[in-house]
Amino acid sequence: MQVTKDMTIGELLMIDRGVGIVLMQNGMHCVGCPSSAGETLEEASLVHGMDINELLADINDFLAKK
């Protein structure tokens with residue numbers, strides 16, 4: 001499975017809860033916030049000033065190693 005920037009954080013966590021750790025390691029500490037579940041990965045990365053491409057690479061790398 002390939003994660004895309006249009007997926008919501010809630011969808012990602014349903015795929016694998018471990019993605020939450022990857023998000024937090026990248027500086028996105030609001031993973032447990034109820035509103036974050038409906039945000040797309042791109043929206044959340046913009047709010048946190050993160051590079052969406054780096055974040056996608058980290059998440060997809062994490063999932064590929066499982």
### Summary
Between Met24 and His29 the two heavy atoms that sit nearest each other are O-CE1, 3.3 Å

### Task
Using side chain to side chain contact (heavy atoms under 4.5 Å, CB included) as the criterion, list what pairs up with Ser36, not counting sequence neighbours.
Ile9, Cys30, Cys33, Glu39

### Query
At what distance, to the nearest 0.5 angstrom, does CD of Glu42 lie from OG1 of Thr8?
13.5 Å

### Task
Give the minimum heavy-atom separation between Gly38 and Glu43, together with the two atoms involved.
O-OE1, 4.3 Å

### Message
Test side chain to side chain contact (heavy atoms under 4.5 Å, CB included) on Leu55 and Asp51; report intermediate values, then the result.
### Response
CA-CA 6 Å; Leu55 185 57; Asp51 183 314; over 6 Å; no

### Query
Passes side chain to side chain contact (heavy atoms under 4.5 Å, CB included), Thr40 versus Thr4? Steps please.
CA-CA 9 Å; Thr40 66; Thr4 67; over 6 Å; no

### Minimum-distance pair of heavy atoms, taken over all atoms of Met7 and Ile15
CE-CD1, 3.4 Å

#### Entry: Heavy atoms from other residues, nucleotides or ligands near CG of Leu46 exceed 12 (cutoff 6.0 Å)
yes

### Task
Quick one: closest heavy-atom pair of Leu13 and Gly20, and the distance?
CD2-N, 3.5 Å

### Interatomic distance, Lys5 atom NZ to Leu41 atom CG [nearest 0.5 angstrom]
10.5 Å

### Single-linkage hydrophobic cluster, 4.5 Å side-chain cutoff, Met1 and Met14 together
no

Residues 56-66, side-chain donor-acceptor partners within the protein, below 3.5 Å, at least two apart:
from  : atom 1 : to    : atom 2 : distance (Å)
Asp58 : OD2    : Asn26 : ND2    : 3.3
Asn60 : OD1    : Val3  : N      : 2.7
Asn60 : ND2    : Val3  : O      : 3.3
Asn60 : ND2    : Leu56 : O      : 3.1
Asp61 : OD2    : Lys65 : NZ     : 3.2
Lys66 : NZ     : Asp16 : OD2    : 3.0

